[in-house]
Structure formats: structure tokens, C-alpha cells
Amino acid sequence: MEIPHQPPEKHNLLTVMLEDYFHVEAFNGLIQRSQWDRFETRLEKNTLRALDLLERFNIKATFFVLGWVADRQPDLIKEVARRGHELGSRGLYRRSTRRMTPEEFRDDLSRSRDAVERASETEVLGYRSSRRWSSPEDLWALDILAEQGYAYDSSLVPMARAFNREPWRCFAHQH
């Protein structure tokens, strides 16, 4: 008797950046962080719609959350966790590590993780920078993430020839 061929189980990764329209990099020079509270948020409605869609197809994702969002919308963050999705940190605000000292980065990591864990009542293991890391000059942050107990980073995007001497960075690896 011949056993029918079973295709291998597929594994896909899906990440969601949980931030509002006025948080994006394009508005950095136009909207100061101190003004964010003045803008109408669209985050809750759109996030709930996305959660319903993911649930409909039985898909789980990692939601990378700004600490600022977690502090202001803890019920929404708790709902994401309640529906079985992983929560990761996106930093307290959208601030590039290239504009931070190592001490500022440590503080940002700690404060954002605390905000997301407090809101979600889950442990935060992952991090994604507000600006992708695409050169060896960005790698100092990996040491600090490891020191702070993060299990993984989703910021590194090996592009073009930036990592010619480190081809292993084109694939998931341990730091």
C-alpha cells in the first residue's frame, strides 16, 4: 500500500509594527514626540481589524510595540496577548540607535520592555529597532540586547555588500 505524499509543513514569520501613523519616520521632522498626544489615534480600530483577520485564518504573529503605545493603550496590548500573539519591543519611541549612546539605548530597552510587559502581562523576548540595521556600525547594539536578556533581534537586514566579510549575517545566527 502506497502512502500519499505529504507536503512539508510550512513555517512563515509574520511581524506587525504596532505604532500609529504619526509615529512614522517620514513625520520625524514635522511632528515632535511631545505633540503625539494631540493626534487622533487610529491604532485600536486597525489593530482589532488585523487581529480578527489573523484569527479568521488561525495565524499568529509577533507584534513589535512602542513603549509609548503600551503606556497609553494597555488594554489593546493586553488584547493582542490574549489572542495568543507574541509581543516584542520596538523601543520607547521611534528613535534610531544611531542617535543614542549605549547608556541611552540600555535605558530605552529597559523602559520599553517594562511598558510592554506591564500592559501585556507577558514576557518580552524580542526587539526590533525603529530603523533597520544594515551595516557593521550597527552591531554594537546586539551586545547590549544580549546583556539585557533579549532572546532575539529582528532589526538586522544584511544588504548589498555591507556584510561581505561576515556572510553568516545573511541568515539567522547566534550573537
Side-chain angles (χ1 to χ4, degrees), residues 13-48 50-51 60-157 172-175:
L13 300 175
L14 176 65
T15 61
V16 177
M17 302 307 110
L18 203 53
E19 53 195 44
D20 226 317
Y21 67 97
F22 50 87
H23 297 143
V24 300
E25 189 80 22
F27 287 143
N28 263 359
L30 301 171
I31 301 173
Q32 300 300 316
R33 194 169 45 229
S34 62
Q35 303 296 313
W36 283 0
D37 283 317
R38 295 180 56 208
F39 289 87
E40 176 186 355
T41 182
R42 299 176 186 162
L43 197 58
E44 184 173 5
K45 177 182 171 186
N46 290 332
T47 301
L48 292 174
L51 287 171
K60 298 299 179 196
T62 299
F63 285 72
F64 288 100
V65 182
L66 290 176
W68 187 90
V69 169
D71 281 338
R72 280 155 182 80
Q73 295 188 287
D75 291 340
L76 180 61
I77 306 310
K78 188 175 284 190
E79 179 64 13
V80 172
R82 186 191 70 74
R83 295 206 197 186
H85 300 280
E86 178 187 11
L87 287 148
S89 173
R90 185 112 163 108
L92 194 57
Y93 309 105
R94 278 191 58 97
R95 190 170 172 209
S96 171
T97 52
R98 290 187 178 178
R99 294 189 177 134
M100 286 190 255
T101 66
E103 293 75 28
E104 289 172 323
F105 185 53
R106 278 184 191 89
D107 181 62
D108 187 77
L109 287 173
S110 176
R111 291 174 62 198
S112 63
R113 176 187 255 168
D114 288 349
V116 176
E117 287 183 346
R118 190 172 44 252
S120 68
E121 299 177 357
T122 63
E123 185 179 16
V124 170
L125 300 174
Y127 176 79
R128 179 174 288 174
S129 174
S130 67
R131 184 185 170 282
R132 68 180 174 212
W133 298 337
S134 57
S135 76
E137 290 79 39
D138 298 315
L139 299 179
W140 63 268
L142 293 175
D143 293 327
I144 295 174
L145 285 166
E147 165 195 303
Q148 296 294 312
Y150 281 82
Y152 70 92
D153 167 71
S154 182
S155 309
L156 188 60
V157 180
H173 68 280
Q174 277 193 310
H175 179 69

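Sequential numbering from 1 along the given sequence is applied to the chain's residues.
- Between Glu19 and the choices Arg42, Arg128, Arg72, Arg90, the salt bridge (Lys or Arg N to Asp or Glu O under 4.0 Å) rule is met once, by Arg90.
- Residues Lys78 and Glu121 are paired through a salt bridge, judged by an N-O separation under 4.0 Å between the basic side chain and the carboxylate.
- Between Leu51 and Phe63, some side-chain heavy-atom pair lies under the 4.5 Å cut-off.
- Separating the NE2 atom in His85 from the OG atom in Ser120 is a distance of 13.0 Å, to the nearest 0.5 Å.
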- Step-by-step side-chain contact (heavy atoms from CB on, under 4.5 Å) determination, Tyr152 to Leu145: CA-CA 8 Å; Tyr152 70 92; Leu145 285 166; over 6 Å; no
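- Shortest non-hydrogen contact noted between Ala81 and Leu87 is CB-CD1, 3.6 Å.
- Shown here are the salt bridge (Lys or Arg N to Asp or Glu O under 4.0 Å) partners of Arg118, two or more places apart in sequence or in another chain: Asp71.
- At a threshold of 4.5 Å between non-hydrogen side-chain atoms, the residues Glu79 and Leu48 count as touching.
- One N or O on the side chain of Ser112 and one on the backbone of Leu109 form a donor-acceptor pair closer than 3.5 Å.
- Closest non-hydrogen pair, Ala115 versus Gly67, comes out as CB-O, 3.7 Å.
- By the 4.5 Å heavy-atom criterion applied to side chains, Ile77 and Leu18 are counted as neighbours.
- Side-chain N or O atoms of Lys60 include one that pairs as donor or acceptor with a backbone N or O of Arg83 at under 3.5 Å.
- Although no hydrogens or angles enter the test, the distance criterion places no donor-acceptor pair under 3.5 Å between the side chain of Tyr150 and the main chain of Ser89.
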- Apply side-chain contact (heavy atoms from CB on, under 4.5 Å) to Gln148 and Arg106, showing your working. CA-CA 8 Å; Gln148 296 294 312; Arg106 278 184 191 89; 3.8 Å; yes
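- Relative to the ring axis of Tyr127, Arg113 does not place its NZ or CZ within 45° and under 6.0 Å from the centre.
- Under the ring pair (Phe, Tyr, Trp, His ring centres under 6.0 Å) criterion, Phe64 pairs with no residue, sequence neighbours left out.
- Glu104 and Thr101 make their closest contact through OE1-N, 2.8 Å (heavy atoms, listed as atom of the first residue, atom of the second, distance).
- The minimum heavy-atom distance linking Pro102 with Ile144 is given by the pair CB-CD1, 3.6 Å.
- For the atom pair Leu125 CG and Glu86 CD, the distance stands at 6.0 Å (nearest 0.5 Å).
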